[in-house]
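Within every chain, numbering begins at 1; the chains are lettered A, B, ... in the order of the sequence lines, protein sequences first and strands thereafter.
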2 protein chains.
Amino acid sequence: MTTLHIVDDDEAIRDALGWLFQSRNVPVIGWESAQAFLDAWSPDLSGCLLLDIRMDGMSGLELFDRLLAQNCRMPVIFLTGHGDVPIAVGALKKGARDFVEKPFNDNELVDRVIDALAFDRDQRAREAGQAGLAARIATLTQRERQVMELVVAGRLNKVIADELGISMRTVEVHRAHVFEKMRVKTAVELTRLLTGAA
Amino acid sequence: MTTLHIVDDDEAIRDALGWLFQSRNVPVIGWESAQAFLDAWSPDLSGCLLLDIRMDGMSGLELFDRLLAQNCRMPVIFLTGHGDVPIAVGALKKGARDFVEKPFNDNELVDRVIDALAFDRDQRAREAGQAGLAARIATLTQRERQVMELVVAGRLNKVIADELGISMRTVEVHRAHVFEKMRVKTAVELTRLLTGAA
DNA sequence: GCGCGGTCTGCGGATTTCCACAATAGCCGC
DNA sequence: GCGGCTATTGTGGAAATCCGCAGACCGCGC
């Protein structure tokens, strides 16, 4: 679900943030430790993360690192009480979306979270498209993939036949199969698909 | 030139940094104020910027904003004595490349500057390619541009003729002109050019 | 062994693209 | 007005692509 995940070991803060966001119609789930969230995380968890830096046990930064190692691309907003520039800079350069010091302005934080949620939705839509594409590519045979690459590289069938050492007719057959499986009608459409054009 | 531009109103620091970088074979130019650099800036100044935050007159942050307003895309590394998280976060989110607190580690700073210089070179190469492309597109006539768009959209000449209400032969002529002016031989190559593929 | 899928090939025809040669017409600047 | 650029169209042929029909070989699983 597209939810704000709040990871903070201070229950009072989880509750306060929970109230804040629920009053703005943002679904919230609270986690009492980095480990708890890490255990529950799966790639189809969507939404964004609000992460306290200083926690007992695993810190927010370490959780962030571990999530990155697992290819989590959920937007992360850090919350911290004690400002530390190198930490903030490091987190942002690793890809964190924001880094907010307490005390924070409620409205501002809500806005940033809402932006992050929208970003995650968009990103997931893009990734879903890519996944469908990858699935179609997976149905291609070895040869078909080879031919497809050369077609997308702009080679004529004649040239492809030469390069692969097969007859033009065979290239045509593979090419037709590629078009069918990739659900396109022309080489241009195929190129747009694979180069990720609009 | 691809140079490190140091903007700091403290001459001692400019000198110290100048020595540091020149000893590492990084060309350096020092500027004694934000205004001085801003006056001298032009879009073909290349390299990267090392910018002190606190200066008499215009601050480093304000210089950064003004440069952004002028579409400067040179990588900027901020230097600051007094850490302030919101400022650092704001600068990075606006696109600054780094934000370093004094005292800094010499080697680390040099590495980051060298990275930034390499980034600028790459970025300029990409932009030069795009500029050449834009220049070629500019030589196309109205009609040729229309035809090009439809070709890249994957339409057949026949369909393009219908959509534009002209004869197929005319479409062929425009299409050939487009290929010639854009220096490609196939519709696929043209598509790759315009969609910015490898 | 038999079927299925992948790879390979040829033939022939329809469609599309590519291109040289040729021509008409409007607009703009010298 | 002439020359140049743009847009338009036609004829006709060469080249490339698209596609159905037909057949071949090989490996794999039932």
First and last nt of DNA chain C near chain A, cut-off under 4.0 Å to heavy atoms, 5' to 3', are dG6(C) to dC11(C)
Partners of Pro86(A) by side chain to side chain contact (heavy atoms under 4.5 Å, CB included), sequence neighbours excluded? Asp84(A), Glu101(B)
According to side chain to side chain contact (heavy atoms under 4.5 Å, CB included), who are the partners of Ala96(B), at least two apart in sequence or on a separate chain? Phe64(B), Phe78(B), Ala91(B), Leu92(B)
I'd like to check the side-chain hydrogen bond (donor to acceptor under 3.5 Å, both in side chains) partners of Arg145(B); sequence neighbours left out, ordered by chain and number. none
Checking Trp41(B) now: which residues fulfil side-chain hydrogen bond (donor to acceptor under 3.5 Å, both in side chains) with it, not counting sequence neighbours? none
Can you list the residues that meet the side chain to side chain contact (heavy atoms under 4.5 Å, CB included) rule with Glu62(B), with sequence neighbours excluded? Met58(B), Ser59(B), Arg66(B)
Expected list for residues 134-145 of chain A near DNA chain C, using heavy atoms below 4.0 Å, is Thr141(A), Gln142(A), Arg143(A)
Rounded to whole angstrom units, what separation is found between the CZ atom of Phe179(A) and the C1' atom of dT17(D)? 9 Å
Any side-chain donor near an acceptor of the partner, Arg24(A) and Asn107(A), under 3.5 Å: yes
Rounded (10°) bend between the five-pair end axes of the helix from dG1(C)-dC30(D) to dC30(C)-dG1(D): 30°
Taking DNA chain C as the partner, which of residues 153-170 of chain B come within under 4.0 angstrom of it by heavy atom? Leu156(B), Asn157(B), Lys158(B), Met168(B), Arg169(B)
Among all residues two or more places apart in sequence or in another chain, which pass the side-chain hydrogen bond (donor to acceptor under 3.5 Å, both in side chains) test with Thr139(B)? none
Could you pull out all residues at least two apart from Glu149(A) that satisfy side chain to side chain contact (heavy atoms under 4.5 Å, CB included)? none
If a pair satisfies salt bridge (Lys or Arg N to Asp or Glu O under 4.0 Å) and one of its residues is in residues 121-135 of chain A, list it, with sequence neighbours excluded. Arg73(A)-Glu127(A), Asp120(A)-Arg124(A)
Between His174(B) and dT6(D), is there a contact of a side-chain N or O with OP1 or OP2 at under 4.0 Å? no
Rounded to the nearest 0.5 Å, what separates atom CG in Asp162(B) from atom CG in Asn157(B)? 11.5 Å
